[in-house]
Amino acid sequence: MKRPDFDEYFMNIAKIVATRSTCLRRQVGAVLVRDKRILATGYNGAPSGLPHCEEVGCVREKMGIPRGERHEMCRGLHAEQNAIIQSALHGVSIAGAELYSTHHPCSVCAKMLINAGIKKVKIAEDYPDKMAKELLKEAGVELIIF
């Protein structure tokens, strides 16, 4: 058995984290890492204590909203948002960290990652949000696609 390098290791963890997602459209997992140490994880789903989309249905599907558009019309939080929130709740600084994510961040998450001081984003799959790519590039956040 081949031992995974750290990039493979953290991306595999992001994929496992995604299995906790309750989104009906896309299961996303995120892992924030600094100095080869996990700082926080997150997956997409409804806010704590609220019914999940798998229980009440998808608002975006009901409204016919295409993927990659109108992110505010979702009852769930994105994986990246949940990882950032978990860091804040537990007093863990993520400045200078790297993000491993199963999918490219949307433009809302890209802005949050930029302001949180994330320096590198490593993704397994793309996402149809051109603005997010432009924002990360403009901010000097390195993007690596697995």
S.K.: Check the hydrophobic clustering (I, L, V, M, F, W, Y; side-chain heavy atoms under 4.5 Å; chains of links allowed) and say if Leu77 and Met112 are grouped together.
M.R.: no
S.K.: So which heavy atom on Arg60 is nearest to which on Cys74, and how close?
M.R.: CD-CB, 3.6 Å
S.K.: For residues Leu32 and Ile118, determine if any side-chain heavy atom of one lies less than 4.5 Å from a side-chain heavy atom of the other.
M.R.: yes
S.K.: Does Ser21 offer a backbone N or O that forms a donor-acceptor pair with the side chain of Asn44 under 3.5 Å?
M.R.: no
S.K.: I'd like to know if the side chain of Arg34 reaches the main chain of Glu98, judged simply by a donor and an acceptor atom lying under 3.5 Å from each other, with no hydrogens or angles considered.
M.R.: no
S.K.: Which residue pairs satisfy the salt bridge (Lys or Arg N to Asp or Glu O under 4.0 Å) criterion with at least one member in residues 7-25, sequence neighbours excluded?
M.R.: Lys2-Glu8, Asp7-Lys122, Arg25-Glu61
S.K.: Look at the side-chain heavy atoms of Ile, Leu, Val, Met, Phe, Trp and Tyr, link any pair under 4.5 Å apart, and say whether Phe146 and Ile123 land in one connected group.
M.R.: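 As far as the 4.5 Å side-chain criterion goes, Ile123 and Phe146 are not connected within one cluster.
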S.K.: Scan the side chains in residues 85-94 for donor-acceptor partners under 3.5 Å anywhere in the protein, sequence neighbours excluded, and list what turns up.
M.R.:
{"unit_1": "Gln86", "atom_1": "OE1", "unit_2": "His90", "atom_2": "NE2", "d": "3.3"}
{"unit_1": "Ser87", "atom_1": "OG", "unit_2": "Ala83", "atom_2": "O", "d": "3.0"}
{"unit_1": "Ser93", "atom_1": "OG", "unit_2": "Ala95", "atom_2": "N", "d": "3.4"}

S.K.: Remaining members of Ile16's ILVMFWY cluster at a side-chain heavy-atom cut-off under 4.5 Å?
M.R.: none
S.K.: Residues two or more places apart in sequence or in another chain: which of them pass side chain to side chain contact (heavy atoms under 4.5 Å, CB included) with Glu54?
M.R.: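 Partners of Glu54 by the side chain to side chain contact (heavy atoms under 4.5 Å, CB included) criterion, ordered by chain and then number, come out as Thr22, Leu24, His52.
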S.K.: Which residues pass the side chain to side chain contact (heavy atoms under 4.5 Å, CB included) test with Thr41, sequence neighbours left out?
M.R.: Val17, Val31, Ile38
S.K.: Measure across Phe6 and Lys36 and return the closest heavy-atom pair with its distance rounded to 0.1 Å.
M.R.: CE1-CD, 3.5 Å
S.K.: Can you tell me how far apart CG (Leu99) and NE2 (His104) are? Round to the nearest 0.5 Å.
M.R.: 10.5 Å
S.K.: Rounded to the nearest 0.5 Å, how far does OG of Ser107 lie from CG of Asp129?
M.R.: 4.0 Å
S.K.: Flag the pair His78 / Val108 as yes when at least one side-chain heavy-atom distance between them is below 4.5 Å, and no otherwise.
M.R.: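 No, every pair of side-chain atoms sits at 4.5 Å or beyond.
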S.K.: How far apart are the closest heavy atoms of Gln81 and Cys109, and which atoms are they?
M.R.: CG-SG, 3.7 Å
S.K.: Just so I know, are the side chains of Pro51 and Arg75 near enough to count as touching, which here means a heavy-atom distance under 4.5 Å?
M.R.: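 A side-chain contact exists here, since the closest heavy-atom pair is under 4.5 Å.
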S.K.: Would you say Val33 ends up clustered with Leu39 if hydrophobic residues are merged whenever their side chains have heavy atoms under 4.5 Å apart, either directly or through other cluster members?
M.R.: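 The answer is no; the residues belong to distinct hydrophobic clusters.
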S.K.: Which donor-acceptor pairs under 3.5 Å do side chains of residues 131-145 form with protein atoms, sequence neighbours excluded?
M.R.:
{"unit_1": "Lys133", "atom_1": "NZ", "unit_2": "Asp126", "atom_2": "OD1", "d": "2.8"}
{"unit_1": "Lys133", "atom_1": "NZ", "unit_2": "Tyr127", "atom_2": "O", "d": "2.9"}

S.K.: Please report the shortest heavy-atom distance between Ala18 and Thr102, naming the atom on each side.
M.R.: CB-CG2, 4.2 Å
